[in-house]
Amino acid sequence: MQDGFVGRSVPRREGHDKVTGATAYVDDLSLPGMWHGVTVRSPVARARLLGVELGEGVPWHEFAIVGPDDLPGPNVVKLIDTDQPLLAADEIRHCDEPVLLLAHPDRAMAERGRAAVRLRLEPLPAVTSLDDALRGDVVVWGRDNVFREYRTAKGDVDAALADPDVVVVEGVYETGAQEQMYIEPQGMIAQFDAERGVTVRGSLQCPYYVHAALVALFQLPPQQVRVIQTATGGGFGGKEEYPSVIAAHAAVLARKAGHPVKLIYDRVEDVRATTKRHPSRTHHRTAVRRDGTLVAMDIDFIIDGGAYLTLSPVVLSRGAIHSAGPYRCEHVRIRARAIATSHPPHGAFRGFGAPQSVFALERHLDVIAARLGLDPAALRRKNLLQPGEQTAVGQVVREPIALDRVLDRALALSHWHERRAAHEAFNRSTDGPLRRGIGVATFMHGAGFTGAGEVHLASVAQVQAERDGTLTVLAASTEIGQGTNTVFAQIVADAAGLPLSRVRVGQPDTAVVPDSGPTVASRTTMVVGTLLRRATASLRQTLRDAGLLPAGTGPVDPEVFTQAVARYLADHEQLRGEARYEPPPGIAWDEKAFRGDAYASYAWAAYVADVTVDLRTAEVRVDDFVAVQEVGRVVNPVLAAGQIEGGVAQAIGWALFEQVVYRDGRVANPQMTNYIIPTAVDTPPIRVEFMPPFLGDDAPSKGIGELPMDGPAPAILAAVQHATGAVPTAIPMLPEQLAQVLQEAQS
Amino acid sequence: MRADLSRFEVVRPRALDEVLVRLGEGGWSVLAGGTDLMVTLGALALPPGRYVDVWRVDALRGITVTDDAITMGALTTYADVQRHPLLQVEFPMLVEAARRSGAAAIQNRGTLGGNIANASPAADSPPALLAYGAVLELHSRAGTRRLAYADFHTGYKQTLRRGDELIARVILPRRAAAAAPVAGGVRDGVVDAYRKIGTRKAQAIAKVGLAVRLELQGGVVADAAIGAASVAPVPLFARTTAAALRGRPLADAIEAAVAAFGDEVTPIDDVRSSARYRRQVAVNVLRDVLAAVSAGRTPVDSL
Ligand SMILES: Cc1cc2nc3c(=O)[nH]c(=O)nc-3n(C[C@H](O)[C@H](O)[C@H](O)COP(=O)(O)OP(=O)(O)OC[C@H]3O[C@@H](n4cnc5c(N)ncnc54)[C@H](O)[C@@H]3O)c2cc1C
């Protein structure tokens with residue numbers, strides 16, 4: 001398939017329209033007679049809601065007003081649990097929780113209405129830190145503020161830790177919340193019609209999640225609920241679960257108003273109300289031999305889930321599985337807990353728990369290396385998994401991996417040994433304010449849903465042949481800036497043997513596309529791309545079986561194909577190929593024991609960061625960044641490199657710039673002027689390299705979207721440690737925090 | 001846009017006099033480049049009311065040079081400042097402040113008059129203007145007056161500008177151009193050093209800003225002027241710190257000046273930084289600048 005489109009950097013399909021401003025996002029759209037919705041929210045973290053008063057001076061009779069009693073179905077956000085209401089009814093559990101919905105024909109009047117609503121509240125004690133939640137003096141969820149706990153173990157950790165021949169190293173590592181900061185804030189337009197049901201258009205990642213939420217709320221047959229994705233300006237996980245809330249709110253307002261309702265969040269509302277990355281704390285206790293061999297790991301991983309359970313158990317599970325990294329270790333015990341607090345619920349964000357636990361482990365390995373006087377790269381190399389060995393949860397690595405080659409390539413590209421020596425010489429001799437350092441992280445990222453998730457999803461994708469001989473991709477996977485449209489077209493064009501121009505990728509619309517699953521977990525190219533290849537092959541087979549197309553899988557003359565389709569459609573209503581997910585053979589996950597084949601495939605990586613630290617200001621500049629990974633077959637090298645570069649930049653933000661300041665449970669810096677994401681000039685040259693696939697040139701593609709979020713933060717902090725000798729253990733590490741770490745190291 | 005635009009009235013005169021008439025009536029505010037006002041509008045924090053857009057008033061534009069001074073119209077943008085050849089030579093700290101403000105779009109639209117009138121303690125041009133001894137020219141129906149900029153800021157977001165007054169011009173008295181660093185230390189001449197420690201490298205609000213002008217004669221500080229951002233409720237004209245330098249050999253005065261500066265700054269904790277960090281960094285950066293000048297090094301710019 002050398003001559004195909006897969007493996008080539010064909011241009012992004014929607015790129016031109018986005019760059020020239022032609023793309024219409026949800027807030028650019030308008031429906032006849034459309035009203036504008038707003039959400040009245042709680043100003044406090046926790047309270048009993050005694051009443052809602054509509055203030056003076058507003059023509060309330062012109063408004064549609066929806067409270068908990070005006071919902072057509074259960075007052076529940078349909079996710080894993082049913083604890084989260086669409087509108088708080090008696091108890092408010094976090095700041096900016098939705099309480100009342102208003103719609104008015106005039107947007108400014110809707111806003112005036114929002115300002116005139118008064119909530120009568122009786123304050124209740126809130127839980128605004130992990131420590132308070134664990135202490136349990138105030139219980140905000142269940143009996144002990146614990147949403148979910150997983151435990152898994154292999155070997156005999158306690159005995160290994162007690163072995164007199166090992167060194168035991170302990171450490172606690174913390175990560176902060178992070179805002180996705182997609183460029184387009186969230187928004188929806190809903191229509192309601194007693195006969196036709198509910199239609200919602202908006203900015204979202206997962207059309208069928210929104211669909212399921214609306215079916216449950218309106219208690220309608222699935223065909224009477226339609227969800228259409230509009231051009232979406234980024235998601236990063238932030239548009240995984242929360243769009244269901246906005247869609248439901250817009251739809252109940254549309255039902256009440258008798259008009260379509262547009263509900264758009266501005267930046268401040270979006271940052272305050274929608275989900276962010278879970279903050280975490282990890283406690284490591286590790287037994288290691290003096291030569292650096294890992295003997296036992298005892299890991300306690302905690303994430304702050306916020307006020308409702310939402311997706312926290314799955315974030316927790318991914319974090320736990322990644323917490324022991326791509327290393328061989330005989331004795332491993334993992335305890336993982338998702339904790340309830342009075343923060344707005346934390347949720348999906350690129351990496352989904354793994355970046356947090358990878359940060360902790362990689363940071364801990366550097367602490368171990370320093371304790372033993374070993375080169376951090378050598379310590380990692382010594383312990384990297386080999387083919388046939390087991391991960392911490394007992395998954396046997398069947399792929400012929402060679403992780404040392406990935407690490408070596410990253411070390412070579414970054415001139416690790418030379419630069420390490422040069423930086424040390426510089427730091428010893430300088431009397432100026434600058435210090436230099438270099439750091440590495442090695443890690444893996446499991447792609448697709450965790451455990452049996454993909455089996456439960458049972459995704460379906462279709463390809464439809466049109467009369468003009470073109471193919472239309474029918475999948476619910478959304479283009480959110482990552483390249484879905486382009487990559488799908490490449491895969492289908494090759495499978496069909498047709499030019500790229502003959503493949504169209506339809507707009508995800510639940511009235512038209514099957515449920516190919518959510519656009520999350522780095523699964524789109526890997527899982528849905530594979531389904532599309534199979535669906536296309538099946539469509540070709542149909543034409544072949546009908547005697548309309550010659551045998552073979554190579555290129556087809558487009559004219560021949562068009563005629564074949566035309567002839568087929570003369571006798572048939574439609575021509576479609578379909579494929580349904582099938583798990584790779586021999587894959588099994590035991591959720592109860594928390595052991596087994598956690599993921600169908602893993603991407604493997606080694607990242608190196610080179611930094612300068614300014615001792616006057618405690619500022620850190622990342623001077624150079626090397627990102628080497630094995631991700632199977634790369635479908636579109638430019639788009640793939642873009643995913644890595646973007647992920648590294650986002651992770652630099654998480655490590656060095658982005659601090660969600662919660663004050664009494666409310667985000668105090670909800671604007672781009674005070675929630676600081678890195679700009680292009682804060683981002684180093686990022687040198688991306690993809691290794692030849694371990695399974696050869698025809699290897700399947702692995703997920704890559706989340707991988708680059710895992711490695712940069714620990715690599716950067718390792719470099720800061722190398723530069724200064726201080727041992728930072730928490731991110732975000734803004735200059736304010738590093739200044740303190742440096743001061744403590746001095747005294 | 002969530003703000004209710006129907007509750008805002010905006011007029012766009014071309015004549016300076018019409019602006020002054022409106023301001024004299026009371027109830028009107030000035031809108032220049034809008035780069036501060038639009039942010040507050042977006043956050044629903046801009047009071048609805050009446051605004052005079054002065055963007056088309058040509059009398060408020062342009063940079064003129066005489067033997068004694070460079071005079072900049074209030075609508076002078078950051079881009080205008082950076083392009084001006086004489087400002088580059090004689091007032092490099094102002095040029096650097098302009099270069100480090102926002103990014104290209106803001107630099108094309110944001111004005112000096114707006115930066116001064118907005119009176120944010122974090123603003124970037126005030127430290128340079130303070131160190132350069134700038135003079136403001138205020139116009140109103142009642143007449144024209146000139147004020148030393150160092151007296152202008154009286155408290156957090158408080159200034160000597162009356163509601164009927166427009167900032168029309170900013171005047172920089174011309175002095176000797178700054179000298180290049182000399183091996184063994186500058187002993188004679190003028191040295192300028194500007195520093196901005198921001199939240200990131202562009203589009204950043206200063207956590208600490210510093211503009212230092214020293215006039216040296218035979219290694220002795222003949223004159224010193226220091227402006228600072230984000231370390232006090234107002235753009236700070238650090239008189240005590242400057243006094244600790246004046247009349248003493250630079251090398252001997254550094255620690256006293258740095259200690260005075262530590263006492264003179266009164267930073268706060270907010271979402272962008274902490275008082276502790278701001279004080280420490282202000283002190284570190286001042287020490288670094290003075291030590292570099294004294295040693296004849298080009299101070300190593302912060303990252
Ligand atoms: C993205 C972004 C980045 C920014 N970065 C920086 C930065 O790095 N450094 C920095 O210092 N600032 C920064 N700013 C703030 C802003 O750009 C500057 O303060 C700018 O100089 C304001 O000028 P303006 O003409 O746009 O003011 P406007 O917004 O038009 O007005 C600001 C205030 O000044 C008053 N005013 C304006 N002109 C006059 C006048 N001639 N007489 C009397 N009153 C007047 C107005 O009534 C208003 O109160 C940034 C702003 C944005 C949006």
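Reckoned from all heavy atoms, side chains included, excluding hydrogens, waters and symmetry mates.
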Region of [X] that comes under 4.5 Å of a non-hydrogen atom in chain A:
{"X": "B:Arg278", "result": "neither"}
{"X": "B:Arg276", "result": "side chain"}
{"X": "B:Ala103", "result": "neither"}

Name the region of [X], side chain, backbone, both or neither, that has any atom closer than 4.5 Å to a heavy atom of chain B.
{"X": "A:Gln671", "value": "side chain"}
{"X": "A:Val38", "value": "neither"}
{"X": "A:Pro670", "value": "neither"}
{"X": "A:Arg663", "value": "side chain"}
{"X": "A:Ala668", "value": "both"}
{"X": "A:Val661", "value": "side chain"}
{"X": "A:Glu736", "value": "both"}
{"X": "A:Gln737", "value": "neither"}
{"X": "A:Met109", "value": "neither"}

Leading residue by heavy atom contact count with chain B [cutoff under 4.5 Å; candidates [options]]:
{"options": "A:Leu615, A:Thr612, A:Thr673, A:Val268", "answer": "A:Thr673"}
{"options": "A:Ala115, A:Ala618, A:Pro735, A:Gly432", "answer": "A:Pro735"}
{"options": "A:His36, A:Gln659, A:Arg114", "answer": "A:Arg114"}

Search all heavy atoms of A:Glu619 against all heavy atoms of B:Gly198 and return the closest pair with its distance.
->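 In this case the closest contact between A:Glu619 and B:Gly198 is OE2-O, 4.1 Å.
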Closest non-hydrogen atom pair between A:Thr679 and B:Ala202, with its separation |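 Reported closest heavy-atom pair: CG2-O, 3.9 Å.
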Working to the nearest 0.5 Å, report the span between [atom1] of [X] and [atom2] of [Y].
{"X": "B:Asp4", "Y": "A:Asp106", "atom1": "CG", "atom2": "CG", "result": "6.5 Å"}
{"X": "A:Asn669", "Y": "B:Arg272", "atom1": "CG", "atom2": "CZ", "result": "9.0 Å"}
{"X": "B:Ile205", "Y": "A:Ile676", "atom1": "CD1", "atom2": "CD1", "result": "7.5 Å"}

Does any non-hydrogen side-chain atom of B:Arg200 lie less than 4.5 Å from one of A:Ile677?
->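 Yes, side chains in contact.
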Any chance CG of A:Asp664 has more than 12 other-residue heavy atoms, nucleotides or ligands included, within less than 6.0 Å?
->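 Open: at most 12 neighbouring heavy atoms sit under 6.0 Å from CG of A:Asp664.
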Counting N and O atoms only, with roles assigned by atom type, does the side chain of B:Tyr277 sit under 3.5 Å from a partner on the main chain of A:Thr617, one being a donor and the other an acceptor?
->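 Yes, B:Tyr277 side chain to A:Thr617 backbone: donor-acceptor pair under 3.5 Å.
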Residue from B:Ile197, B:Val281, B:Asn284 passing side chain to side chain contact (heavy atoms under 4.5 Å, CB included) with A:Arg616 =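 So, applying the side chain to side chain contact (heavy atoms under 4.5 Å, CB included) to A:Arg616 and each of B:Ile197, B:Val281, B:Asn284, only B:Asn284 qualifies.
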So which of B:Gln280, B:Arg7, B:Arg287, B:Lys207 has the largest heavy-atom pair count under 4.5 angstrom toward chain A?
->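 Looking at each of B:Gln280, B:Arg7, B:Arg287, B:Lys207 in turn, B:Lys207 comes out on top.
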